[in-house]
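All values derive from a computational prediction rather than experimental measurement. Throughout, residue positions are numbered sequentially from 1 according to the sequence presented.
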Amino acid sequence: MTPTSIKLLLGGILVLLFTTKELLAQTLSVTGEVKTPLTLTASDLHALERTEVTAKDRDGKEHRYAGVALTAILRKAGATLGGELRGENLSKYLIAKAGDGYEVLFSLAEVDAEFSGRTILVADSVDGAPLPQGVGPFRLVIPDEKRPARWIRELKSLEIRFAK
Ligand SMILES: Nc1nc2c(c(=O)[nH]1)N[C@H]1C(S)=C(S)[C@@H](COP(=O)(O)O)O[C@H]1N2
Ligand SMILES: [Mo]
């Protein structure tokens, strides 16, 4: 091999590694106390049932967020929801983690559709456009909360654990 072809080959490998890293950085994982751990890409998320909510952002302006209901993702992963959310399963919590190290916690019961009529959305779009860099590709949107502190940006993972 000539020095030029070696350089080209190394360049190609670097591009491949970078692309793989970028793709992995764009996924949402669901792990912990679930029957089927998931790693979802943006297109996996698009294949699930879509939900839309209108919610006010921090500046009090209304926006139309679209994505997938958190419960739908947790159901797909086989989390103990609905009829299975009783006994020791009521001591489970969900921790959502972001790329910047920010973490927010929910009890599993407070996100379950049978316990509460609220929608928590794993949003991937706002006002018809993909979430911007630094916010997306995924963000939690919780329309019924007065403060958006749990609207975690750059959502990377959802982990379900026992509190005891
Ligand atoms: N990843 C991540 N998400 C986050 C935060 C953060 O520091 N990191 N801050 C939270 C807080 S405290 C608020 S008030 C809102 C602010 O949302 P905004 O950036 O859309 O105004 O984002 C929430 N989501
Ligand atoms: Mo905040």
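The main-chain N or O of Lys56 is never found under 3.5 Å from a side-chain atom of Lys61 such that the two would form a donor-acceptor pair. In this structure a side-chain-to-backbone donor-acceptor pair under 3.5 Å is present from Asp44 to Thr41.
When all heavy atoms of Gly134 and Glu154 are compared, the closest pair comes out as O-CG, 3.5 Å. The two residues Ala77 and Val30 make their nearest non-hydrogen contact at CB-CG1, 3.7 Å. Residues Glu88 and Phe162 come closest through the heavy atom pair O-CE2, 3.5 Å. Of all non-hydrogen atoms in Leu38 and Ile73, the two that sit nearest each other are CD1-O, 4.0 Å. Shortest non-hydrogen contact noted between Leu121 and Gly67 is CD1-C, 3.8 Å.
Not less than 6.0 angstrom separates the ring centroid of Tyr102 from the ring centroid of Trp151.
No side-chain heavy atom of Leu94 sits under 4.5 Å from any side-chain heavy atom of Leu105. Looking at Val111 and Tyr93, their side chains never come closer than 4.5 Å, going by heavy atoms from C-beta outward. Contact check for Leu155 versus Arg139: no side-chain heavy atoms found under the 4.5 Å cut-off. Using a 4.5 Å heavy-atom cutoff, the side chains of Asp127 and Glu62 are not in contact. Side-chain contact check for Leu108 versus Asn89: every heavy-atom pair is 4.5 Å or farther apart. Counting heavy atoms from C-beta outward, Pro143 and Val53 have side chains that approach closer than 4.5 Å. Annotation: side chain of Phe115 is in contact with side chain of Leu85 (closest heavy-atom distance under 4.5 Å). Counting heavy atoms from C-beta on, the side chains of Leu158 and Leu70 come closer than 4.5 Å.
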Test side chain to side chain donor-acceptor pair (under 3.5 Å) on Thr31 and Ser29; report intermediate values, then the result.
CA-CA 6 Å; Thr31 59; Ser29 68; 5.1 Å; no

For Glu159 and Lys97: C-alpha separation, side-chain torsions, deciding distance, then whether salt bridge (Lys or Arg N to Asp or Glu O under 4.0 Å) applies.
CA-CA 8 Å; Glu159 295 173 26; Lys97 298 185 178 179; 3.4 Å; yes

Evaluate Lys156 against Asp100 for salt bridge (Lys or Arg N to Asp or Glu O under 4.0 Å), listing each step before the verdict.
CA-CA 10 Å; Lys156 291 292 305 156; Asp100 63 354; over 6 Å; no

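Between the CD atom of Glu84 and the CG atom of Leu90 there is a distance of 12.0 Å, given to the nearest 0.5 Å. Between the NZ atom of Lys92 and the OG atom of Ser107 there is a distance of 12.5 Å, given to the nearest 0.5 Å. Note: Leu40 CG to Leu48 CG = 6.5 Å, rounded to the nearest 0.5 Å.
Among pairs with a residue in residues 141-151, those fulfilling salt bridge (charged side-chain N to carboxylate O under 4.0 Å, His left out) read Glu110-Arg150, Arg118-Asp144, Arg118-Glu145, Glu145-Arg150, at least two apart in sequence or across chains. Screening residues 68-78 for side chain to side chain donor-acceptor pair (under 3.5 Å) gives no qualifying pairs among residues at least two apart or on separate chains.
In the hydrophobic clustering of ILVMFWY residues, with side-chain heavy atoms under 4.5 Å counting as a link, Val141 and Val104 come out together. Linking ILVMFWY side-chain heavy atoms closer than 4.5 Å, directly or via other members, places Ile95 and Ile120 in two distinct hydrophobic clusters.
The local environment of CD in Glu49 is sparse, with at most 12 non-hydrogen atoms from other residues, nucleotides or ligands closer than 6.0 Å.
With sequence neighbours excluded, no residue forms a ring pair (Phe, Tyr, Trp, His ring centres under 6.0 Å) with Phe138.
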